[in-house]
Amino acid sequence: MDAAERDDEVDLIIDAWSRHLPDVDLTPLDVMSRLRRAAHRLSRLRSKAFGSAGLAVWEFDVLAALRRADAPHELNPAQLIAATMIGSAAMTTRLDKLSARGLVERRPNPRDGRGVLVRLALEGIERVDAAMTELARVEADALSGVSREDQATLARVLRQLGREG
């Protein structure tokens with residue numbers, strides 16, 4: 001039996017619960033509990049990768065949304081809110097902090113006299129690129145024991161699982 005087939009913590013937890021709740025189908029925990037553990041590990045990996053570029057996770061999220069936008073890497077706050085899935089008040093606070101650090105610049109929106117545009121500053125580009133490069137490296141390391149074929153299968157299954165509705 002190889003290491004992948006041996007009981008892990010999730011197997012032991014399911015075994016314990018099955019003794020207490022023998023009439024409950026605990027099969028979904030095989031997947032969901034492992035996904036939760038993998039998500040926790042991914043969160044730690046991402047924090048470390050972003051930290052290597054001097055960024056917090058929330059900073060990376062905002063800067064990455066701007067970096068993905070076409071040059072000059074500029075969006076309005078509503079577009080940033082949609083891209084990062086956070087509220088308006090939180091976005092205002094985040095933009096204030098990023099602006100104070102010189103990672104983004106705000107300017108009046110020429111198409112909307114009341115609005116602003118947020119542009120990724122050169123320092124923001126350098127940091128978000130460094131963070132993404134490190135993230136790709138650490139995630140590749142984390143997946144190094146999984147074949148490309150299994151990675152593709154896992155991505156396909158997770159895509160289905162991630163769909164709402």
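These numbers were taken from a predicted model, which means no experiment stands behind them.
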Go through L75 and R68 one step at a time and tell me if the side chain to side chain contact (heavy atoms under 4.5 Å, CB included) criterion holds.
CA-CA 10 Å; L75 296 171; R68 290 189 306 267; over 6 Å; no
Using a cut-off of 6.0 Å, state whether more than 12 heavy atoms not belonging to R41 lie near its atom CZ.
no
Would you find a donor on one side and an acceptor on the other, under 3.5 Å apart, between the side chain of Q79 and the backbone of N76?
yes
Taken in chain and number order and not counting sequence neighbours, the residues that satisfy salt bridge (charged side-chain N to carboxylate O under 4.0 Å, His left out) with D150 are none
I'd like to know whether CZ of R148 has more than 12 heavy-atom contacts from other residues, nucleotides or ligands below 6.0 angstrom.
no
What residue pairs, at least two apart or across chains, pass salt bridge (charged side-chain N to carboxylate O under 4.0 Å, His left out) with a residue in residues 20-36?
D8-R34, D11-R34, D30-R34
Smallest separation among heavy atoms of D141 and S144, with atom names:
O-OG, 2.9 Å
Taking side chain to side chain donor-acceptor pair (under 3.5 Å) as the cut-off, I'd like each qualifying pair that reaches into residues 151-162, sequence neighbours left out, listed once.
none
Nearest 0.5 Å, what's the CD-CG distance between E126 and L120?
10.0 Å
Single-linkage hydrophobic cluster, 4.5 Å side-chain cutoff, L154 and V31 together:
yes
Can you list every salt bridge (charged side-chain N to carboxylate O under 4.0 Å, His left out) pair that touches residues 81-95, not counting sequence neighbours?
none
Can you list everything that forms a side-chain contact (heavy atoms from CB on, under 4.5 Å) with P72? Sequence neighbours excluded, please.
E74, R119
Under the side chain to side chain contact (heavy atoms under 4.5 Å, CB included) criterion, do L80 and L95 qualify, and how do the steps go?
CA-CA 10 Å; L80 280 169; L95 292 176; 4.0 Å; yes
Taking only residues two or more places apart in sequence, or in another chain, which ones meet A121 in a side-chain contact (heavy atoms from CB on, under 4.5 Å)?
E105
Residues forming a side-chain contact (heavy atoms from CB on, under 4.5 Å) with I81, sequence neighbours excluded:
S88, M91
Counting only pairs under 3.5 Å, give me each side-chain donor-acceptor contact of residues 108-118, with atom names and distances, residues two or more places apart or in other chains.
| residue | atom | partner | partner atom | Å |
| --- | --- | --- | --- | --- |
| N109 | OD1 | R111 | N | 2.9 |
| D112 | OD1 | R114 | N | 3.1 |

Let me check something: any side-chain donor-acceptor pairs from residues 53-65 under 3.5 Å, sequence neighbours excluded? List them with distances.
| residue | atom | partner | partner atom | Å |
| --- | --- | --- | --- | --- |
| E59 | OE1 | A56 | N | 2.7 |
| E59 | OE1 | R101 | NH1 | 3.0 |
| E59 | OE2 | R101 | NH1 | 2.4 |

Taken in chain and number order and not counting sequence neighbours, the residues that satisfy salt bridge (charged side-chain N to carboxylate O under 4.0 Å, His left out) with R37 are E9
For residues 13-22, which side-chain N or O atoms pair as donor and acceptor with protein atoms under 3.5 Å away, sequence neighbours left out?
| residue | atom | partner | partner atom | Å |
| --- | --- | --- | --- | --- |
| S18 | OG | I14 | O | 3.3 |
| S18 | OG | D15 | O | 2.7 |
| R19 | NH1 | D15 | O | 3.3 |

For the residue pair L35 and L161, establish whether any side-chain heavy-atom pair is separated by less than 4.5 Å.
yes
Side-chain polar contacts of residues 42-51 - donor-acceptor pairs under 3.5 angstrom, sequence neighbours left out - could you list them?
| residue | atom | partner | partner atom | Å |
| --- | --- | --- | --- | --- |
| R44 | NH1 | H40 | NE2 | 3.1 |
| R46 | NE | E139 | OE2 | 3.0 |
| R46 | NH2 | E139 | OE2 | 3.2 |
| S47 | OG | S43 | O | 3.1 |

